[in-house]
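Read through the structure below, which is laid out as structure tokens, and then see the notes.
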Amino acid sequence: MTLPVLKAADFASTQEVRWCPGCGDYSILAQMKKVLPELGVPREKIVFISGIGCSSRFPYYMNTYGMHSIHGRAPTFATGLKSTRPDLMVWVITGDGDALSIGGNHFIHMLRRNLDINVVLFNNRIYGLTKGQYSPTSSEGQITKSTPMGAIDHPLSPLSVALGAEATFVARSIDAYVTHLGETLRRAAEHKGTSLVEVYQNCNVFNDGAMAYAQEKSQRADNVIELEHGKPLIFGKDRDKGIRLVGSHLEVVSLADTAIDDLLIHDERAANPSIQMMLARMRYPEMPEPIGVLRAVAGVPTYDDQINHQVELAKAKHGIGDLQALVSGGDTWVVK
Amino acid sequence: MTLPVLKAADFASTQEVRWCPGCGDYSILAQMKKVLPELGVPREKIVFISGIGCSSRFPYYMNTYGMHSIHGRAPTFATGLKSTRPDLMVWVITGDGDALSIGGNHFIHMLRRNLDINVVLFNNRIYGLTKGQYSPTSSEGQITKSTPMGAIDHPLSPLSVALGAEATFVARSIDAYVTHLGETLRRAAEHKGTSLVEVYQNCNVFNDGAMAYAQEKSQRADNVIELEHGKPLIFGKDRDKGIRLVGSHLEVVSLADTAIDDLLIHDERAANPSIQMMLARMRYPEMPEPIGVLRAVAGVPTYDDQINHQVELAKAKHGIGDLQALVSGGDTWVVK
Amino acid sequence: MTKILSESGNGKNIHTVSGITVRLCGDSGDGMQLLGTQLTNTSALAGNDVATFPDFPAEIRAPRGTRAGVSGFQVQFASEEIFTPGDLLDALVVMNPAAMVTNLGDLRKGGILIANEDGFNDKEFKLAKVDSNPLEADVIEQSYRLFKVPMTKLTRDAVSELGLSNKESERCKNFFAMGLVYWLFGRSLEPTLRFIDDKFGKKLPDVARANAAALQAGWSYGETTEAFGLSYQVEAAPLSPGTYRNIMGNQALAWGLVAASSLSGKELFYSTYPITPASDVLHELTRYKNFGVRTFQAEDEIAACGAAIGAAFGGGMGVTASSGPGIALKGEAMGLGVMLELPMIVINVQRGGPSTGLPTKTEQSDLLQAMFGRNGEAPLPILAPQSPGDCFAIAIEAWRIAVECMTPVMILSDGYIANGSEPWKIPDMTQHPRINVVHPDGADPEEPFMPYARDENLARPWAIPGTPGLMHRVGGLEKEDRTGNISYDPANHQHMVDTRARKIDEIADRIPPQEVLGHDSGDILIVSWGGTYGACHTAVRRCQKAGISVSHAHLRYLNPLPSNLGDLLSAFKTVVVPELNTGQLRMLLRAKYLVDCAGFNKVQGKPFSVHELIDEIKAQAEALQNEAVHHRAG
Amino acid sequence: MTKILSESGNGKNIHTVSGITVRLCGDSGDGMQLLGTQLTNTSALAGNDVATFPDFPAEIRAPRGTRAGVSGFQVQFASEEIFTPGDLLDALVVMNPAAMVTNLGDLRKGGILIANEDGFNDKEFKLAKVDSNPLEADVIEQSYRLFKVPMTKLTRDAVSELGLSNKESERCKNFFAMGLVYWLFGRSLEPTLRFIDDKFGKKLPDVARANAAALQAGWSYGETTEAFGLSYQVEAAPLSPGTYRNIMGNQALAWGLVAASSLSGKELFYSTYPITPASDVLHELTRYKNFGVRTFQAEDEIAACGAAIGAAFGGGMGVTASSGPGIALKGEAMGLGVMLELPMIVINVQRGGPSTGLPTKTEQSDLLQAMFGRNGEAPLPILAPQSPGDCFAIAIEAWRIAVECMTPVMILSDGYIANGSEPWKIPDMTQHPRINVVHPDGADPEEPFMPYARDENLARPWAIPGTPGLMHRVGGLEKEDRTGNISYDPANHQHMVDTRARKIDEIADRIPPQEVLGHDSGDILIVSWGGTYGACHTAVRRCQKAGISVSHAHLRYLNPLPSNLGDLLSAFKTVVVPELNTGQLRMLLRAKYLVDCAGFNKVQGKPFSVHELIDEIKAQAEALQNEAVHHRAG
Ligand SMILES: Cc1ncc(C[n+]2csc(CCOP(=O)(O)OP(=O)(O)O)c2C)c(N)n1
Ligand SMILES: Cc1ncc(C[n+]2csc(CCOP(=O)(O)OP(=O)(O)O)c2C)c(N)n1
Ligand code: SF4
Ligand code: SF4
Ligand SMILES: [Mg+2]
Ligand SMILES: [Mg+2]
């Protein structure tokens with residue numbers, strides 16, 4: 001039996017999409033609908049699990065199984081589901097507040113366990129749904145409803161946190177850069193283990209243009225560097241700049257006076273994430289910000305495989321459990 | 001008026017110490033009592049705040065102010081206290097489960113906010129108080145009460161997590177290596193910003209000897225490398241081995257065939273934590289494990305300074321708030 | 001338009017009425033909340049009593065033109081004291097078909113319906129899922145006084161000279177509608193012109209001019225077209241003398257905390273995690289840093305609660321706020337607060353539940369969570385404001401109890417109070433009783449310090465770090481009486497559990513006895529709490545006037561309950577407890593007093609209307625009468 | 001030693017008694033828990049009915065020799081059916097002075113006191129904070145039958161030939177004590193010798209031999225020294241026929257879950273975060289991976305609850321467990337479970353509260369948290385086992401209700417039940433009714449799938465991912481009836497709140513009516529729940545025998561309450577609700593039935609003793625009599 005060929009539209013649920021007009025979320029939704037049919041996984045085998053936030057409305061719009069859970073906890077539901085149903089393709093949809101503020105702990109633990117799930121973190125550097133408070137990724141000094149004199153927390157980078165938590169797949173893309181986004185989602189889906197994709201997402205109501213330097217086509221080439229495995233790090237509208245590793249830090253060089261061979265070659269498969277960590281720490285405006293796959297390490301056992309493997313091992317070793325034998329075992333006596 | 005000179009014994013509370021005989025916690029307590037008098041901070045200006053766990057009993061044994069709070073949340077109490085009482089010296093005492101399992105999120109956020117507090121994480125790689133389940137730092141495959149077939153989670157390194165969360169002071173020491181421990185606690189106390197000290201602590205009841213390679217004097221020299229700022233990384237009983245940076249990774253070399261000048265020089269002050277991250281990832285038995293101060297970056301604003309600074313700024317700008325003016329302001333009308 | 005008091009005035013056709021209830025509705029993007037707020041403030045400044053009810057979609061920008069995207073603002077203004085934003089509408093302004101079809105049901109027969117004609121076209125019909133133009137339905141003209149006004153076009157015309165884009169011009173149409181409404185109800189344009197100037201004058205002078213022009217155009221439209229014929233006037237209300245301002249619930253809560261801080265000489269540490277409908281308290285408080293207010297947006301609700309306790313341990317005023325789901329998360333930490341016996345305020349601005357529920361809607365369903373949402377025996381005082389303005393007083397009272405008894409105190413507000421507004425008599429804070437806070441100073445070097453010794457309120461001493469000689473350790477394990485050391489002793493545990501309970505119970509001796517509206521015995525007693533005050537009060541007053549033997553006891557203290565409440569309940573034949581939940585206070589009353597209270601419950605995300613309460617009271621009165629007849633007959 | 005049934009036997013001086021209550025106490029390091037468990041199992045194997053109460057310090061290794069470091073194990077074994085580990089002790093074994101002074105108060109006058117003389121020296125007196133040797137006090141010899149035995153020395157002698165170190169030799173002294181106790185109560189050494197061999201035989205043959213030698217030496221000491229003169233014998237109890245084993249509460253809970261899994265054909269996903277006294281369920285379950293059990297030690301309690309819900313969404317059997325503080329953390333996620341209407345079990349093994357409280361002690365103070373510890377109206381069924389063995393049945397019943405009604409179900413166990421043990425008749429699982437689980441298979445392509453349609457139990461369909469055509473989305477926002485789409489509609493919200501409540505309430509129609517021990521009307525009704533069953537049952541039976549008109553209703557279903565309970569309560573003159581809290585069930589009963597239940601409450605981290613309950617019943621009976629007299633006189 002061949003599977004019916006699905007189109008993007010087949011992945012649309014009947015629910016009206018209720019994001020603000022112009023919100024970056026639309027583009028991510030569109031790319032997801034576009035990529036999923038290419039993966040050949042039947043819709044009923046796919047589950048989207050989200051927390052709470054504008055971004056977390058996502059599952060309602062997908063004609064798959066879905067759960068719009070509670071704030072910050074999506075990874076926990078996904079963990080229970082994937083551990084018991086490894087046959088399903090599980091996506092976690094989360095926001096910068098959902099994943100890194102209230103949900104930071106689950107986020108780390110999901111990554112270190114390396115469940116075979118995919119996580120898309122919509123980073124708009126603001127709390128959208130609650131109308132504009134700063135988030136853990138908001139810039140220092142950012143004026144928001146809750147920080148009229150400027151935010152004083154030092155921001156977290158989702159990618160750094162993920163690398164610190166031993167994530168096996170870490171990537172970044174941009175809502176408006178649709179081809180790149182689609183490709184990055186596809187890569188995430190294909191990775192075995194927890195895949196994290198941070199997506200720069202414009203909240204045009206509460207934080208409009210915060211990442212315009214990366215989102216707007218005119219600025220992107222100079223402010224963003226696209227990583228490709230095995231390729232030197234080159235960027236710029238005229239592809240005339242590059243990144244070089246000097247001692248223990250990275251610097252921008254002009255290709256006018258540096259040979260391509262001297263540039264850093266991107267290695268997404270490096271077991272040691274030190275260089276990937278340096279990349280994650282490149283921040284605009286000092287440095288171009290990396291997009292694409294920073295890290296994709298294969299072969300690390302996944303939690304779902306392992307938990308189920310232990311069950312199989314135990315069955316093989318002790319035989320399939322016999323309830324009557326269990327309750328009847330040990331020291332017993334008979335009353336007549 | 002000169003302050004009375006205090007001794008270690010002055011820091012002992014009247015409460016009987018109730019750890020298991022032989023527990024590594026005793027040594028940490030002793031060093032704390034030894035170091036504090038040297039800092040010249042009056043006892044009443046010191047507060048110890050802990051979560052729950054064997055280690056978290058610590059505050060009861062110190063003749064200072066103290067709070068034995070709830071599991072994983074010590075950083076939150078410390079944050080409220082230090083933000084409003086920057087005059088106090090605040091210590092957070094936590095365990096590997098307390099800090100990295102249930103408390104992982106607060107741990108990260110405390111570090112990124114860089115409150116001027118000191119955190120001592122007693123890492124015994126086990127849940128002591130609840131009698132021996134595995135913790136986030138337990139090794140893969142470790143057999144514990146809750147993992148009779150071996151743990152399947154990939155362990156977290158407190159130091160990596162901290163570096164990923166932009167910590168400004170990150171150090172490690174060992175319960176049994178008392179001089180080093182005392183010195184490390186002192187360094188932590190002196191740092192302005194959140195200081196994290198991971199202490200390898202032997203739980204002789206539930207995880208005895210898990211870190212013997214580092215704790216036992218006979219093995220220590222070969223398995224541990226003492227970091228010193230500005231010094232090359234040398235170790236070994238005969239100080240005949242060193243660490244060299246090769247491209248993007250670290251390797252052990254013999255001083256027989258490598259010049260000292262080629263060794264990595266430790267830079268705890270490097271703003272970019274990439275190398276520190278590489279050090280944090282050195283794990284026994286493949287590599288010697290680093291102890292001492294991995295990172296100590298000065299000059300990063302602390303949360304307590306900033307929150308209070310904004311209050312001062314506001315007062316300077318708008319004048320000290322006038323309650324009557326507040327309630328009487330805006331559009332009003334008079335009913336006669 | 002409760003009563004028409006006089007008709008026509010100096011040549012013009014003006015009715016003077018005792019009150020008007022109007023609702024302004026349009027798309028979320030149409031600026032209805034702004035319009036409503038301005039009308040409210042202007043009416044308040046005109047000396048009316050006012051009460052408001054904003055009602056907006058959960059989405060930030062719900063899809064334009066749809067029913068889900070409708071945003072409404074209801075206001076009642078009156079020349080008599082009022083307590084609710086009104087039930088049935090005297091006038092309804094609708095900017096599009098979706099607004100019309102979702103709100104028309106609340107317009108009274110014969111009421112005024114003003115529609116932005118330009119918003120009624122095929123595109124909009126489709127978005128609103130209506131088959132044809134609802135304005136054209138015969139029944140509309142027959143049932144209401146319909147005025148179709150091409151507001152978009154008229155606005156465009158009015159601002160055409162200012163060189164704005166089409167889109168920008170159209171944006172001003174809410175000010176046109178406002179002008180028209182102002183004319184209709186004889187409101188002054190002055191305050192709104194001032195507002196426009198304040199808000200846009202400097203930054204966007206073009207926009208300021210356009211809005212002002214639109215406002216004036218709307219007013220002129222009413223004045224000149226004579227389409228309306230009749231306009232209305234609402235005289236000033238006989239409020240008690242004083243200076244007034246309009247105040248919203250969350251704002252009053254914030255100000256009350258600032259006031260408590262000032263009255264007690266303690267700096268406020270407000271530690272929270274954003275959540276609807278509590279976030280505005282944060283937004284408000286963070287502006288008062290010059291009052292020594294520190295606001296802390298924590299990583300989650302647990303951290304927020306922990307930080308507040310940390311601040312309290314240091315001698316600060318620790319306050320944390322959230323709504324239902326966030327309060328659920330704080331349960332464990334609140335339990336620690338109970339054990340540590342530190343003062344703290346926990347605010348729950350309730351919303352529709354369970355789980356995420358109806359985040360933008362109101363409900364009173366977290367009372368039992370407030371009472372029991374912690375492990376073990378962990379009682380704490382619970383207070384509930386009865387109206388937006390009352391939030392101010394409740395915040396101060398909560399803080400007073402917290403320090404007097406060294407305990408966390410819970411405040412239960414709700415979405416209706418939080419976003420509603422009312423005129424508020426500005427208090428003279430210099431005359432306000434101060435809150436006395438004592439920190440022991442460790443004078444006695446002979447006696448060892450006893451952190452769990454108790455005073456006459458059973459409160460323990462609030463000794464704070466920095467005080468020499470009072471070093472002590474607190475924690476969540478049961479502690480020994482007086483010394484505070486860990487204790488597993490059975491008798492001590494019993495003693496401490498009992499003492500913590502007694503400490504809270506005895507507050508009942510020190511709070512005012514429960515007041516009653518009406519006689520303190522009789523046929524029916526309505527017992528209510530929280531945001532239903534206005535509706536219950538109004539309904540009871542009307543029924544009293546109608547000769548029914550009914551009284552009203554509205555509780556501001558929910559734990560402990562006022563000491564005279566039991567007697568009060570038993571002095572009535574029927575006790576009815578109206579609540580926006582399935583009967584939570586009722587359960588507590590039945591358990592405590594063994595009185596067969598009846599429930600009148602509604603869980604619809606909406607406040608009670610006055611008339612549904614009146615119907616209930618009448619039904620109860622009738623039931624009593626039938627019973628009496630039956631009795632006499634029997 | 002309830003009754004001496006016969007004295008002496010075949011030449012030896014043996015009393016046959018109906019039951020013995022003995023407590024074994026020593027330092028935490030002395031192996032008292034092991035000793036207790038062995039004595040229990042041996043007695044059970046001898047056919048006695050047994051009940052146990054282990055009681056150990058909160059510390060892992062509390063300081064040696066101190067009062068805080070004392071670890072005790074109490075066991076009652078009897079030739080009649082018993083329901084508690086006994087109140088007053090017939091025999092007390094103490095290994096050191098600390099153990100003696102902290103436990104002597106529970107030894108009945110004339111009871112047997114066996115002391116390890118070698119543990120009574122100056123060093124130990126100091127550690128135990130006693131001034132002089134408590135064994136020497138005159139009152140001891142006068143009040144008790146004291147036997148001082150130099151156990152350490154005798155043990156050392158007994159094992160001297162085995163070449164163990166001094167320290168190792170001394171470690172065996174608990175086996176010496178055990179041997180002596182076995183002799184005293186006529187127990188067979190056989191089971192314990194088998195145990196020693198199983199445990200140490202292979203790995204540490206020296207230790208095995210030493211322990212066996214010490215055990216035998218203890219027995220011989222009793223047999224040969226004639227110091228004791230008298231030994232005791234307890235015949236087999238007349239339990240109902242069947243095969244029995246001894247079972248602990250947490251173990252029975254774990255097995256019950258495995259059984260429910262098997263009976264329903266669903267694999268168990270047990271997701272938890274360690275906490276005393278719930279952790280042992282995890283330790284037990286993680287050994288049953290070959291039953292398809294997956295255990296997940298989550299990063300915290302919230303994650304544990306979330307993961308259980310995730311597993312349930314996927315069609316698995318999601319179970320999460322904790323104790324009070326951890327349950328507080330799960331509140332928000334449990335609310336989501338209620339909203340999603342997915343089956344799940346949440347277990348609370350209660351301990352002393354509030355906050356961290358008394359982690360190793362028992363209490364029943366989380367009932368109201370179970371009822372109300374969530375935001376909004378979020379009802380769920382609550383069940384409570386009445387004894388260690390009953391945990392097995394309760395787990396199965398909870399799972400049955402969870403899937404039948406598509407709801408989270410809460411089980412309230414407690415520390416007393418969890419660590420206690422009793423003989424348990426091994427059920428024939430092949431005869432056990434199966435639990436029917438249906439997942440819709442999406443057969444009908446015409447009808448759109450309605451995830452919130454309902455069956456006769458008001459349960460929605462459990463459609464699981466992987467089923468073609470049934471794709472649907474669930475979430476925490478209020479949802480539309482039948483379709484499950486998000487809905488802010490007021491009437492729908494009311495309907496859904498009402499329906500969720502009704503779904504739980506109607507379970508009352510499908511559970512067995514409340515049973516009563518004794519007449520179903522009369523003077524006094526004792527209403528209890530949870531771990532107090534044994535004490536209440538025993539007390540009521542004794543009082544019934546003493547002629548008091550008292551009955552006992554023990555609730556295993558706490559929400560909803562059995563449908564006949566109201567009638568039952570009103571059939572008695574006095575209803576007394578004994579609870580290890582300040583009156584939580586009592587509050588629920590008063591609220592629901594308006595019956596003036598009296599409370600009998602104890603919050604000391606300890607179970608009720610039978611005699612304090614008897615005293616209470618007698619006092620109530622007397623009060624009724626006085627009242628009656630007064631009445632007749634009046
Ligand atoms: C327990 C709890 N706390 C707080 C909230 C309120 N809340 C909902 S979404 C949100 C943050 C949203 O920010 P983010 O995750 O960045 O998502 P976005 O809306 O920006 O997509 C908050 C604070 C909640 N629903 N539940
Ligand atoms: C909310 C909550 N969950 C669980 C527990 C039980 N608990 C107490 S300490 C602990 C872990 C202790 O491990 P760690 O932090 O490593 O401290 P250690 O005892 O090893 O020093 C746990 C799970 C608790 N007290 N509270
Ligand atoms: S508020 Fe921002 S993030 Fe949310 S839907 Fe609107 S634009 Fe998007
Ligand atoms: S259990 Fe382990 S960590 Fe805890 S006190 Fe004992 S030895 Fe120390
Ligand atoms: Mg966001
Ligand atoms: Mg530990």
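By convention in this document, chain letters (A, B, ...) are assigned in the order of the sequence lines, proteins followed by strands, and residues within each chain are numbered from 1.
Under a 3.5 Å cut-off, the side chain of A:His249 and the backbone N or O of B:Ala271 do not form any donor-acceptor pair. Listed for the A:His154 side chain is no donor-acceptor partner under 3.5 Å among the backbone atoms of B:Ala165.
With rounding to the nearest 0.5 angstrom, the CG atom of B:Asn105 is 8.0 Å from the NE2 atom of A:His106. Remark: B:Thr302 OG1 to A:Ile152 CD1 distance equals 8.5 Å, nearest 0.5 Å. Rounding to the nearest 0.5 angstrom, the gap separating the CD atom in B:Gln276 from the OG atom in A:Ser274 is 11.5 Å. Once rounded to the nearest 0.5 Å, the distance linking CE of B:Met149 with NZ of A:Lys317 reads 7.0 Å. Atom CG of residue A:Asp153 and atom CD1 of residue B:Ile307 lie 9.0 Å apart, to the nearest 0.5 angstrom.
Contacts of A:Pro155 with chain B are made by backbone atoms alone, with heavy-atom separations under 4.5 Å and no side-chain atom involved. In this structure, no portion of A:Ala151 lies under 4.5 Å from any heavy atom of chain B. For A:Leu100, the part lying under 4.5 angstrom from a heavy atom of chain B is the backbone only.
The shortest distance between side-chain heavy atoms of A:Arg281 and B:Glu166 falls below 4.5 Å. Within the 4.5 Å cutoff, the side chain of B:Pro273 has no heavy atoms near those of the A:Met277 side chain. Residues B:Ile108 and A:Ile108 have side chains in contact (heavy-atom distance under 4.5 Å, counting atoms from C-beta outward).
Chain B forms more heavy-atom pairs under 4.5 Å with one residue of A:Asp267, A:Asn272, A:Leu245 than with any other, namely A:Asn272. Interface summary for chain B: among A:Ser157, A:Ala280, A:Gly72, A:Gly150, the most heavy-atom pairs under 4.5 angstrom belong to A:Gly150. If you tally non-hydrogen atom pairs under 4.5 Å between each of B:Gly103, B:Ala270, B:Ala162, B:Ser101 and chain A, the highest count goes to B:Ser101.
Residue A:Ser160 comes nearest to B:Gly164 through the heavy atom pair CB-O, 3.7 Å, listed as atom of the first residue, atom of the second, then distance.
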- Do A:His109 and B:Leu156 pass the side-chain contact (heavy atoms from CB on, under 4.5 Å) test, and can you show the C-alpha distance, the side-chain angles, and the key distance before you say yes or no? CA-CA 9 Å; A:His109 284 272; B:Leu156 284 175; 4.0 Å; yes

